[in-house]
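Taking it in order: structure first as structure tokens, then the write-up.
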Amino acid sequence: MNAAGITYDEYGRPFIVIRDQAQKQRLTGIEAQKSHILAARTVAGTLRTSLGPRGLDKIIVSPDGEVTVTNDGATILAQMDVQHEIAKLMVQLSKSQDDEIGDGTTGVVVLAGALLEQAEHLLDRGLHPIRIADGYEMAAKVATARLDEIAESYPVDVEKPDSLIETAMTTLGSKIVNRCHRQFAKIAVDAVLQVADMEKKDVNFELIKMDGKVGGRLEDSMLVKGVLLDKDMSHPQMQKTIKNAKIAILTCPFEPPKPKTTHKLDIKSGEDYQKLRAYETAKFVEMVKQVKDAGATLALCQWGFDDEANHLLYQEGLPAVRWVGGPEIELIAIATGGRIVPRFQELTPDKLGFAGSVRELQFGTTKDRMLVIEECKNSKAVTIFVRGGNKMIVEEAKRSLHDAICVVRNLVRDNRIVYGGGAAEIACALAVESASRKIDTLEQYAMRSFADALETIPMALAENSGMSPIEELTKVRSEQLKTGLTCLGIDCNENGTSNMKEQHVIETLIGKKQQINLATQLVRMVLKIDDIQIPGGPGM
């Protein structure tokens, strides 16, 4: 059978019709399910070694040669070149966890991989995929109900943020920034509390800007209660520090108005040129006068302006910054209480923003400069400024801080917590195992397998910490059963106690519940697929 045929349209022009139906690869039944499970296990196996405080980092090189060093599950999967369709679902799974919770992206993929691995054993024993999926659904309900039982309320107090800092430190424990663990946790907590609306229990992430600069040490990172601009004054001789600044926020350029339509200007003599120059100068003077008359002591312009306007601004003693980006302009307007002005004629004193201090920072010998706008009218806009020895460290520190900020935000929304170090998973596994004994249908096998899969998390934590995984898990499990303490987990940092409450290893309840629910939903979906057609394979 030919792969292509030739035919003609109504005008007699030939075109080729390719028959690609014969070029499709097809997998059905148990083969398709085994293929899916293998792909998911491979992805989960890649992330398994990145789990926990002793987890290892991965280097990912993009097609254009850019290097990323990270142990953040969502980042690793987003940058991996994944071809298999089920592996792509795992990537979307970690992204869902990242978008909704911001933390636990590695754990959710490892859990989904473990659930599918257990499902493979059940399929080999002849269980129907739908029965397995139903059993997993029942087990997930038991596990989330158990999480609600063991959850504890956690104080979220703006005056005493120590408890929040401890939670943020748990999140940062596995990150590259754990060298300055408490400092970064404090930055994350202060940033969230600064912009949080405690009445509505909500945090607007758009008010937290994150900026980084290569050079310096991680310890030099800081929280600026205001806005940080990667710009400098437009003229090198303009004053570098302005106290009690009244800021004109302009989205109109410092240049003479031009007709909107296509136009042409003919200059036929020196006199015409002088007239044009005089007109431009008069317009520049008028614009600067309008800004000065409004009472502004600093002009921020979204557009550029030429040297003549720049020189005139300097002569008039009006410091200015040009080419300020759109998002920064909006953030400055929110922080300073100013209005964004689209035309010079509309500039009035009540539209000016106020900042107690505007100063220029200079870094090392590179002559890099940045502007800091502080002591603003509305302090609900902050910037986290990250320093680091190279670009990779700065980017990974920013990702780590994002995770910590998300966790603190989740605690502001819902202040219930469970204990980390695999303690919550072991407690859920024991509850699921106990519930499975009361089920008299085939789903009990799936529930037992679900309990075994939950124990993969504490085992991976122990393995990554250089311990004997089965030995550690058995020890903690028996302790939890004997004492009834659900805060007993794996002592990854070898502090001498497996009590996670004493070690302050804390995770948010909504994050943990989301992990279990998302992983179960994905596994249920994968188990229901029994036929797959892939274009471009050998004919069947």
Side-chain angles (χ1 to χ4, degrees), residues 195 204 206-209 211 224-235 238-261 279-360 369-383:
V195 304
N204 185 356
E206 286 179 10
L207 298 176
I208 302 174
K209 183 176 167 240
D211 220 325
V224 176
K225 289 181 181 175
V227 184
L228 197 68
L229 277 183
D230 196 1
K231 303 283 172 195
D232 56 356
M233 295 296 182
S234 60
H235 195 288
M238 283 176 178
Q239 66 188 92
K240 304 289 186 257
T241 305
I242 305 160
K243 294 287 181 191
N244 300 325
K246 289 179 180 175
I247 304 169
I249 306 165
L250 307 168
T251 55
C252 44
F254 266 101
E255 57 182 40
K258 293 186 179 81
K260 292 274 190 291
T261 54
Y279 167 75
E280 284 191 350
T281 308
K283 277 291 172 192
F284 282 140
V285 170
E286 186 190 337
M287 288 169 185
V288 175
K289 186 174 183 298
Q290 282 171 328
V291 178
K292 292 276 283 184
D293 288 351
T297 55
L298 174 66
L300 297 179
C301 189
Q302 192 174 7
W303 303 99
F305 37 81
D306 61 17
D307 290 343
E308 191 174 349
N310 199 12
H311 181 66
L312 200 63
L313 285 162
Y314 167 61
Q315 273 189 328
E316 292 291 327
L318 181 64
V321 184
R322 54 186 161 187
W323 298 121
V324 181
E328 284 92 347
I329 283 268
E330 288 174 19
L331 207 58
I332 291 164
I334 293 166
T336 60
R339 295 277 293 276
I340 298 170
V341 180
R343 281 186 289 273
F344 285 98
Q345 292 83 350
E346 294 177 17
L347 190 60
T348 53
D350 59 309
K351 290 180 181 175
L352 299 178
F354 176 81
S357 160
V358 178
R359 58 195 172 90
E360 199 174 79
R369 293 185 178 89
M370 291 180 101
L371 279 176
V372 182
I373 301 170
E374 292 176 306
E375 299 166 33
C376 301
K377 208 171 190 176
N378 172 21
S379 58
K380 281 188 178 294
V382 295
T383 306

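Since we're looking at a predicted model, the values are computed, not measured.
- The nearest pair of heavy atoms linking Ala320 to Phe305 is CB-CZ, 3.9 Å.
- Contact detail for Val227 and Val224: the closest heavy-atom pair is N-CG1, 4.5 Å.
- With sequence neighbours excluded, no residue forms a ring-ring contact (aromatic ring centres under 6.0 Å, His included) with His311.
- Considering CE of Met233 and CG of Asn310, their distance stands at 11.5 Å, rounded to 0.5 Å.
- Between atom CZ of residue Arg369 and atom CG of residue Leu229 there is a gap of 15.0 Å, rounded to the nearest 0.5 Å.
- Remark: Phe354 pairs with Asn244 by the side-chain contact (heavy atoms from CB on, under 4.5 Å) rule, at least two apart or across chains.
- Under the side-chain contact (heavy atoms from CB on, under 4.5 Å) criterion, Asp230 pairs with Lys213, Met370, sequence neighbours left out.
- Remark: Asp211 engages Lys209 in a salt bridge (Lys or Arg N to Asp or Glu O under 4.0 Å) (not counting sequence neighbours).
- Counting only heavy atoms from C-beta outward, the side chains of Ile373 and Ile332 approach each other to under 4.5 Å.
- With values rounded to the nearest 0.5 angstrom, Leu312 atom CG is found 11.0 Å from His235 atom NE2.
- For the residue pair Leu318 and Met238, the shortest heavy atom distance occurs at O-CE, 3.7 Å.
- For Arg339, there are no salt bridge (Lys or Arg N to Asp or Glu O under 4.0 Å) partners at least two apart in sequence or on another chain.
- Put simply, the side chain of Lys225 does not reach to within 4.5 Å of the side chain of Glu375, judged on heavy atoms.
- Side-chain atoms of Val324 and Ile249, non-hydrogen and from C-beta on, never get closer than 4.5 Å to each other.
- Side chains of Val285 and Gln315 form no contact here, defined as non-hydrogen atoms less than 4.5 Å apart.
- Under the side-chain contact (heavy atoms from CB on, under 4.5 Å) criterion, Glu330 pairs with Ile340, sequence neighbours left out.
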Enumerate, atom names and distances included, each donor-acceptor pair closer than 3.5 Å involving a side-chain atom of residues 342-352, sequence neighbours excluded.
residue : atom : partner : partner atom : Å
Arg343  : NE   : Glu346  : OE2          : 3.1
Arg343  : NH2  : Glu346  : OE2          : 2.6
Thr348  : OG1  : Asp350  : OD1          : 2.5
Lys351  : NZ   : Glu346  : O            : 3.1

Could you give the side-chain donor-acceptor pairs of residues 286-300 under 3.5 Å, partners two or more places apart or in another chain?
residue : atom : partner : partner atom : Å
Lys289  : NZ   : Asp293  : OD2          : 2.9
Lys292  : NZ   : Glu316  : O            : 2.9
Thr297  : OG1  : Lys246  : N            : 2.8
Thr297  : OG1  : Lys246  : O            : 3.4

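- Remark: the backbone N or O of Leu250 is not paired with any side-chain donor or acceptor of Gln302 at under 3.5 angstrom.
- When all heavy atoms of Cys376 and Ala335 are compared, the pair lying nearest together is CB-O, 3.1 Å.
- Evaluation of the side-chain hydrogen bond (donor to acceptor under 3.5 Å, both in side chains) rule for Thr281 yields Glu308 as partners, not counting sequence neighbours.
- We find the OH-OG distance between Tyr314 and Ser234 to be 11.5 Å, quoted to the nearest 0.5 Å.
- When the side-chain contact (heavy atoms from CB on, under 4.5 Å) test is applied to Ile334, the partners found at least two apart in sequence or on another chain are Leu207, Asn378.
- In terms of heavy-atom proximity, Asp232 sits nearest to Val321 at O-CG1, 3.8 Å.
- Residue pairs meeting the salt bridge (Lys or Arg N to Asp or Glu O under 4.0 Å) criterion with at least one partner in residues 317-328, sequence neighbours excluded, are absent.
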Working note: Ile208 + Val195, criterion side-chain contact (heavy atoms from CB on, under 4.5 Å); need CA distance, chi angles, decisive distance, verdict. CA-CA 8 Å; Ile208 302 174; Val195 304; 3.8 Å; yes
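- Taking each heavy atom of Ile247 and Ala355 in turn, the nearest pair found is CD1-CB, 4.0 Å.
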